[in-house]
Structures are given as C-alpha cells and as structure tokens.
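What follows is one structure encoded as structure tokens, with my remarks underneath.
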2 protein chains.
Amino acid sequence: MLLFMKAMTIGEVAKAAEIGVETVRFYEREGLIAEPPRRRSGYRQYPADTVRRLRFIRRAKELGFTLAEIGELLDLRVDPTKSCADVRTVGRAKMADIESKMLDLARIQAALTELVRTCRGKGPTSDCPILDALDEQEVKRGDR
Amino acid sequence: MLLFMKAMTIGEVAKAAEIGVETVRFYEREGLIAEPPRRRSGYRQYPADTVRRLRFIRRAKELGFTLAEIGELLDLRVDPTKSCADVRTVGRAKMADIESKMLDLARIQAALTELVRTCRGKGPTSDCPILDALDEQEVKRGDR
DNA sequence: ATGCACCCTGTACCTCACTACAGAGTCAAG
DNA sequence: CTTGACTCTGTAGTGAGGTACAGGGTGCAT
C-alpha cells in the first residue's frame, strides 16, 4: 500500500531504499534513475516505484555487479528486443568473473599458507623465511 | 654479479624490477624505498639492492598486501625488537582477510547460480525471473 | 513567526595504486 | 655538435563508488 500513489521526497526514497540521499542524487547523475519531476521549489518528487528501482540497484550491487552492469540490466528490462536469455548471459558473465576472482584468491591463499607454514615464529626478523621468500621467490601466478 | 657495485639510474632499476619508472618515484614518495643519492645533475643513483627491495614490494603486492602493509613488513625487517612471529602474524591476518573475501564471493556465487538456474532463457525480459528476483528478494548476506 | 529538519546546486574530497603529462634539463653515441 | 633517449619536478587525472561540505532556500509544526 505504502508503495502506491504518494510522491516522495529524496529523503523518503533514500530511507525506504536504505541508501543515502547523496547516493540517490549520484545515481541520478549516473543515469541509473530518471530525473524526477520537481515542485515549484525545486524539490524532487519521486514516484513510489523509484524505491523498487533503488533496491534493485542495491541488490545487484550486493551480487557484485558494477553500476555500469546494473545500468545494462536496467536497460535490458525495458528493451522489447531483448530476451531473458540476454539477462542470463549477463549473469553467467558475472559468475565467470567471480570464479576468476576466487581462483586468484585461492592461489594467493595457497602461497600465503606455504609461507606461514615455513615460519617457526622464532628468532629475529632478519632470519624470517617469509621475508626471505618475498626477497627471492617468484610468486606463481595463474593465467589472466 | 649484475647486482653488485654498479649504481643504477631509475630506468635501470625500474626495468630490472619490472615496474614503471613513475612507480619507482611513487614508492619513494610513499616512503617504501629510501631517497637515493643524486648526481650533480639531480639524477637518482640507485644502489643495486634497490632492485631487490622493489621486487619484494612487487611480490608482496601479488600476495594481496596493500602498500601500507608492505611498508609494515619492510619495517619489521629492520626492527631488532621484532621477531619472526610478528611477520607471521601479519601473514595470518592477510590470510584471514582473503578467507573473508573468498566467503563473500562464494555467497555471491551461490546466489547468482540460483538466479541463473531459475531462468529458462526464454521469453521477454519483462518476465525474467532474474530481474524479478532482483526486484523482490533480499540477498542473504554473511555477517561482516 | 520562528525554529528546525529537510532540500537545492556545485564542488571538492575520499581510497588505492598508479599513470600522464608539461616543460625543463642531461647524457651519451655517432 | 647534434640528436634522441633519458631524467627532473610538480601537478593533475584515472576508476569506482560514493561522501562531505558550503552556502543557500523550503516546509511545516508549534
């Protein structure tokens, strides 16, 4: 009920979407949300469904989409020449993206584990095998 | 042999360490490497072991350490009151850090997998379950 | 009618790790 | 002695995604 009919101020939509007022204006500048109508005073008057859109943005961000990608998703939604498959393609691309980040982190974690393992934790830093390793060894890297 | 005795220009150390000349100057400003002596002309004259230090920085970066953390590691190395255990502590902290990033990514990956799974890839974007989900669902989040 | 919370624009600032000039001077080979 | 590659300082810009003012104006409850 709350979401219908009532024009909202920027503070109201921001609070409802759980983001900051400045962020709402920022998204407007970035073209993620439309410029709303204004009162005579210049105050922005948001239709209530702006809250949905802002929440969409917030959730997509939580899934690791960049603002540019979120813009694409929002565009897909209103483009009648695009299909659900296009959305899925974007989702799959992001999954590949995240997979690759996870592999990077796993490789780093393995290298760190090995370094920490070699260190007995005794003696001066001048004899530390971790520091020695950083001094001498190449860090293996995955293909990127 | 190459690493002993010969003073090097900034271009030479940069090339040997496989980083850019501007980056070397940047690290100097950041305090990661010492200010080297200069020629009359003002040209920097690097002792050859600067290359080792720069490589240390590069490798530590590959392991996910920030420049601030690398500065700490470099400081630990010359501080006689610190021990190998202190280095290991820094390493373990970074491992925890990376672990937490991996958990975040895994959570995101799971959510994306589920979204993509629900999408048959047919029909208009207006009926896309992925977009619908972003519109309606809360994304579960881990404690951070 | 007045006080306070809110809104406006514009600009600057934040983190991180560089990168890119501009405009000047220097080095070394041919 | 000239040419071209290199170096110097200082400043500004990048990208991503905001955040923080300053210096105004507005809305509304009391």
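So you know, we letter chains A, B, ... as the sequences are listed, proteins then strands, and number each from 1.
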OP1 or OP2 of D:dG17 versus the side-chain N and O atoms of A:R29: is any pair under 4.0 Å?
no
With heavy atoms under 4.0 Å as the rule, sort B:R38 into base, sugar-phosphate or nothing.
sugar-phosphate
Report yes or no: is the cationic atom of A:R53 (NZ for Lys, CZ for Arg) closer than 6.0 Å to the six-membered ring centre of A:Y46, at no more than 45° off its axis?
no
Side-chain N or O of B:Y27 less than 4.0 angstrom from OP1 or OP2 on C:dA17?
no
Side-chain contact check for B:E22: nearest option of C:dT19, C:dC7, D:dC8 is C:dT19
Does the D:dC6 base have a donor-acceptor partner in the side chain of B:Y43 within less than 3.5 Å?
yes
Name the residue closer to the 5' end of DNA chain C, choosing between B:R40 and B:T66 according to the nucleotide with the nearest heavy atom.
B:T66
Among the nucleotides D:dT7, D:dG27, D:dG18, whichever has the atom closest to the side chain of B:T9 is D:dT7
Whole angstrom value for the distance that separates P of C:dC6 from CD1 of A:I10:
13 Å
What is the distance, rounded to the nearest whole Å, between atom CZ of A:R44 and atom P of C:dT9?
4 Å
Euclidean distance, atom CZ of residue B:R25 to atom P of C:dA22 [Å, nearest integer]
15 Å
Between C:dC7, C:dT19, D:dT19, which nucleotide has the shortest distance from any of its atoms to the side chain of B:T23?
C:dT19
Roughly, in whole Å, what's the span from CD1 in B:I57 to P in C:dC18?
9 Å
